[in-house]
Amino acid sequence: MTITGEALIGGHAVRGNGGSFQAFDPSTRAPIEPAFHMVDAGQIDEACRLAEAAFDPFRATSNEARATFLETIAAQILELGDELIVRAMTESGLPRARLEGERGRTMGQLKLFADLLREGSWADVRIDSALPDRQPLPRPDLRLRMIGLGPVAVFAASNFPLAFSVAGGDTAAALAAGCPVVLKAHSAHPGTSELVARAVVKAIELCKLPAGVFALLTGTGNGIGQGLVAHPSIKAVGFTGSRSGGQALMGVAAARAQPIPVYAEMSSINPFFLMPEALAARGEQIATAFAASMTMGVGQFCTNPGLVLGLKGPEFDRFAEKAAQALSSIEAGTMLTAGIASAYQSGVHKLAQHEAVDALKEATHTEGKGGPALFRTSGKAFLTEQALHGEIFGPASLLVACDSVDEMRAITESLEGQLTATVQMDEGDTELVRALLPVLERKVGRILANGMPTGVEVSTAMVHGGPFPATSDGRSSSVGTAAIQRFLRPVCYQNLAQSLLPDVLRDDNEGVWRRRDGALTKA
Ligand code: NAP
């Protein structure tokens with residue numbers, strides 16, 4: 001398939017009326033052909049209006065029709081073949097195996113949402129039967145179902161060019177909910193985005209859906225994203241990226257005449273706890289696994305373990321020594337963009353200069369690459385120096401030697417919201433962990449025992465979210481079937497005749513889970 005550098009609006013390739021830009025190969029810093037044309041305000045408006053017009057017919061489609069659509073997108077992505085993988089490798093610097101795995105995950109996400117639609121309980125049907133004889137007042141017939149919010153603006157993420165991008169988790173969740181998607185391509189991988197977007201458009205044609213169900217907007221700079229979020233046809237936003245970008249878009253959404261929800265995943269340092277028994281028994285083994293986790297994908301995972309907490313002492317020293325040793329054999333890797341590489345270099349430089357911090361493993365980096373870095377500080381310094389709390393996006397981590405369990409707990413209390421917390425524990429650590437759990441529950445979206453936080457299962461029970469700034473709204477997940485909730489809202493139908501009710505709420509629609517008069521039933 002030829003990459004033309006065009007946007008896709010209304011089912012057609014459209015040459016952007018703004019300026020042009022090129023993608024860069026992050027490993028060579030060479031520009032990649034072709035040039036991409038940036039959409040202007042009129043083209044953003046057109047995409048959003050078409051999405052609004054497509055909303056009612058799209059949400060009126062059956063669960064089966066939308067499930068088939070999602071599966072058709074997955075099949076069309078696979079049809080792109082090796083061209084997609086090669087283009088994504090060139091634009092992101094990520095290796096083949098990672099991108100092939102990510103393609104599988106992207107298709108798996110689409111299929112998971114197809115299964116969810118066919119199972120049907122996502123609509124959360126509730127029926128409170130009429131009680132005409134109730135005293136002092138009769139109760140009306142009340143029926144609730146969830147419907148889509150409306151067109152969703154989705155921002156592709158730099159660090160997952162497939163699984164969190166054009167047909168990634170946010171898009172799959174929004175489409176499953178019956179919401180059209182207007183997608184802002186990430187300027188780091190516009191060719192990958194165009195290929196996947198063409199696969200989505202092809203699936204729309206094959207499934208005979210309205211062309212406005214999906215649009216791809218191409219361009220760089222803040223104007224496109226802000227114009228998109230400000231557009232009155234857009235009813236929700238899905239974003240993964242920087243804290244500054246996410247907060248800017250939250251500001252735009254809140255300032256609209258009709259404010260809309262923004263689900264932004266932004267910043268997390270993912271605390272990693274070394275409980276005393278586990279540290280004594282398995283410290284060196286944990287250190288090796290930790291070094292592999294923090295350098296996976298050159299540390300460019302939102303769940304990267306950037307903070308390690310343990311009790312100071314010889315076991316902690318041995319862990320630090322072993323982790324630094326394991327990291328010393330890991331070479332600097334190409335980072336996703338020149339901007340991310342330079343932000344990483346400046347982040348580790350600042351930490352290395354901090355007077356309360358010792359560098360255990362200095363980062364060696366050449367242009368565009370990031371090498372692993374490991375730092376150490378005391379619990380006391382961490383508690384007093386806010387500068388030590390920030391995310392450094394890349395293969396860096398800070399070890400904090402705590403004086404006591406109480407200090408460890410105080411540090412946990414001082415943390416901002418996080419996507420994950422990992423607890424390395426053995427049986428003898430159980431009571432310490434039990435005491436820490438209520439704090440962790442308040443701070444994070446996912447608590448893991450004896451695993452590594454990198455690697456996020458796409459499943460029904462997964463939570464990939466957390467209190468601010470991990471996400472802008474900690475009530476939801478951006479991974480797994482729970483992600484659909486972000487793009488739904490409840491509607492209640494009071495005393496409507498059966499003939500006027502949506503199918504899912506009618507008495508004869510048996511076989512789908514519903515809460516009838518408080519009890520869960522399929523009858
Ligand atoms: P980014 O700079 O926030 O960009 C993400 C998307 O938002 C891009 O499409 C970008 O446009 C757009 N954008 C950024 N700032 C904007 C603004 N003020 N107004 C409107 N649109 C805006 O993120 P990134 O390039 O992916 O990575 C940069 C940093 O994000 C990393 O260093 C890391 O700190 C963080 N990050 C965090 C996670 C996580 O899950 N925690 C994941 C990835 C990245 P352009 O395409 O024109 O740039």
Side-chain angles (χ1 to χ4, degrees), residues 16 18-19 21-24 26 36 38-39 44 91-92 94 153-161 163-166 168-170 182-190 192-193 216-231 234 237-253 255 262-270 297-306 335-348 370 390-396 416-420 444-446 453-454 456 464-466 468-472 477-479:
F21 72 102
Q22 277 183 284
F24 287 86
F36 287 82
M38 302 186 3
V39 292
I44 297 171
E91 289 185 333
S92 69
L94 294 170
V154 174
F155 287 75
S158 60
N159 60 341
F160 278 88
F164 275 85
S165 285
V166 175
D170 286 345
V182 182
L183 193 295
K184 159 71 175 74
H186 198 286
S187 52
H189 49 77
T192 307
S193 300
L216 174 82
L217 302 181
T218 311
T220 63
N222 298 342
I224 297 174
Q226 296 192 5
L228 178 58
V229 172
H231 196 284
I234 295 297
V237 180
F239 171 93
T240 301
S242 65
R243 188 165 176 168
S244 60
Q247 286 198 259
L249 296 175
M250 287 165 69
V252 173
V262 176
Y263 299 102
E265 186 192 319
M266 297 173 286
S267 170
S268 184
I269 55 174
N270 304 299
V298 200
Q300 300 163 115
F301 284 116
C302 31
T303 52
N304 205 44
M335 300 197 80
L336 292 159
T337 66
I340 287 177
S342 80
Y344 175 67
Q345 288 169 17
S346 104
V348 290
E391 180 189 39
I392 299 177
F393 192 66
E416 296 187 291
Q418 306 291 334
L419 292 171
T420 69
V444 319
R446 178 163 61 109
T454 41
V456 181
H464 191 64
F468 185 89
T471 60
S472 52
S477 172
S478 65
V479 174

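For the single chain, residues carry numbers from 1 onward in sequence order. Start at 1 and go down the list; that is how both ligands and their atoms are numbered. Side chains included, hydrogens not; waters and symmetry mates left out as well; all remaining heavy atoms used.
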**Request:** For atom 18 (N) of ligand 1, grab the closest protein heavy atom and report residue, atom and distance to one decimal in Å.
**Result:** A248 CB, 3.3 Å

**Prompt:** Can you find an N/O atom of S244 closer than 3.5 Å to an N/O atom of ligand 1?
**Reply:** no

**Request:** Identify the two heavy atoms, one from V262 and one from S472, that lie closest to each other, and give their separation to 0.1 Å.
**Result:** O-OG, 2.6 Å

**Asked** What pair of heavy atoms forms the shortest contact from P161 to T192, and how long is it?
**Response** O-CG2, 4.0 Å

**Prompt:** Does even one non-hydrogen atom of S267 get within less than 4.0 Å of ligand 1?
**Reply:** yes

**Asked** Please state which protein non-hydrogen atom is closest to atom 40 (O) of ligand 1 and give its distance, to 0.1 Å?
**Response** C302 CB, 2.7 Å

**Message:** Nearest non-hydrogen contact with atom 11 (O) of ligand 1 belongs to which option: K184, M335, Q300?
**Reply:** K184

**Asked** Hey, which atoms in ligand 1 end up nearer than 4.0 Å to a heavy atom of T240?
**Response** 40 (O), 42 (C)

**Item:** Polar contact flag for T220 and ligand 1 (N/O pairs, less than 3.5 Å)
**Value:** no

**Request:** Identify, by atom number and element, the atoms of ligand 1 in contact range of Q226, meaning under 4.0 Å from any of its heavy atoms.
**Result:** 17 (C), 18 (N), 19 (N), 20 (C)

**Asked** Quick one: do the Q418 and S268 side chains pair a donor with an acceptor below 3.5 Å?
**Response** yes

**Message:** Can you name the atoms of ligand 1, numbered from 1 with element, that are less than 4.0 Å from a heavy atom of N159?
**Reply:** 42 (C), 43 (C)

**Request:** Among all protein heavy atoms, pick out the one at the shortest distance from atom 26 (O) of ligand 1; state its residue, atom name and that distance to 0.1 Å.
**Result:** S158 OG, 2.5 Å

**Item:** Closest protein heavy atom (residue, atom, distance) for atom 2 (O) of ligand 1
**Value:** S242 OG, 3.7 Å

**Nearest heavy atoms of P469 and E416, plus distance in Å** = CD-CB, 3.4 Å

**Prompt:** Which residue and non-hydrogen atom of the protein lie closest to atom 31 (C) of ligand 1, and at what distance in Å?
**Reply:** F393 CD2, 3.5 Å

**Item:** Residue part near ligand 1, for Y344, under 4.0 Å between non-hydrogen atoms
**Value:** neither

**Request:** Using a 4.0 Å heavy-atom cut-off, say whether L249 meets ligand 1 through its side chain, its backbone, both or neither.
**Result:** side chain

**Message:** Using the rule side-chain contact (heavy atoms from CB on, under 4.5 Å), only one of D170, T240, V237 pairs with F155; which is it?
**Reply:** V237

**Request:** Hey, can you tell me if H186 and H189 have their rings parallel, tilted or perpendicular (30° and 60° cut-offs)?
**Result:** parallel

**Prompt:** Under 3.5 Å, is there a donor-acceptor pair between the N270 and T420 side chains?
**Reply:** yes

**Prompt:** Taking side chain as C-beta onward, heavy atoms only, is H464 less than 4.5 Å from L419?
**Reply:** yes

**Request:** Would you check, one step at a time, whether the test side chain to side chain contact (heavy atoms under 4.5 Å, CB included) holds for F393 with N304?
**Result:** CA-CA 8 Å; F393 192 66; N304 205 44; over 6 Å; no

**Message:** Is any side-chain heavy atom of L216 closer than 4.5 Å to one of S193?
**Reply:** yes

**Request:** List the closest protein heavy-atom neighbour of atom 46 (O) of ligand 1: residue, atom name, distance to the nearest 0.1 Å.
**Result:** S187 OG, 2.8 Å

**Message:** For A157, which part has a heavy atom under 4.0 Å from ligand 1: side chain, backbone, both, or neither?
**Reply:** neither

**Asked** At under 4.0 Å between heavy atoms, which part of E391 makes contact with ligand 1: side chain, backbone, both or neither?
**Response** side chain

**Item:** From CA spacing to verdict: side chain to side chain contact (heavy atoms under 4.5 Å, CB included), V182, H231
**Value:** CA-CA 11 Å; V182 182; H231 196 284; over 6 Å; no

**Message:** Tell me the protein heavy atom at minimum distance from atom 12 (C) of ligand 1, and give that distance in Å.
**Reply:** F155 CD2, 4.3 Å

**Message:** Can you name the atoms of ligand 1, numbered from 1 with element, that are less than 4.0 Å from a heavy atom of G221?
**Reply:** 47 (O)

**Request:** Could you give me the CA-CA distance, side-chain angles and deciding distance for E391 and M266, then say whether side chain to side chain contact (heavy atoms under 4.5 Å, CB included) is met?
**Result:** CA-CA 10 Å; E391 180 189 39; M266 297 173 286; over 6 Å; no

**Message:** Among all the protein's non-hydrogen atoms, which is closest to atom 16 (C) of ligand 1, and how far away is it?
**Reply:** N222 OD1, 3.3 Å

**Message:** Do M335 and S342 make a side-chain contact, defined as non-hydrogen atoms from C-beta onward lying under 4.5 Å apart?
**Reply:** no

**Request:** Please work out whether any backbone atom (N, CA, C, O) or any side-chain heavy atom from C-beta onward of M266 is under 4.0 Å from ligand 1, and answer side chain, backbone, both or neither.
**Result:** backbone

**Request:** Show which atoms of ligand 1 fall inside a sub-4.0 Å distance from at least one heavy-atom site of F239.
**Result:** 3 (O), 5 (C), 6 (C), 7 (O)

**Message:** To check you understand the geometry: which heavy-atom pair defines the closest contact between F160 and S165, and what is its length?
**Reply:** O-OG, 2.8 Å

**Message:** Given H186, Q247, H464, identify the one with the heavy atom nearest to atom 25 (O) of ligand 1.
**Reply:** H186

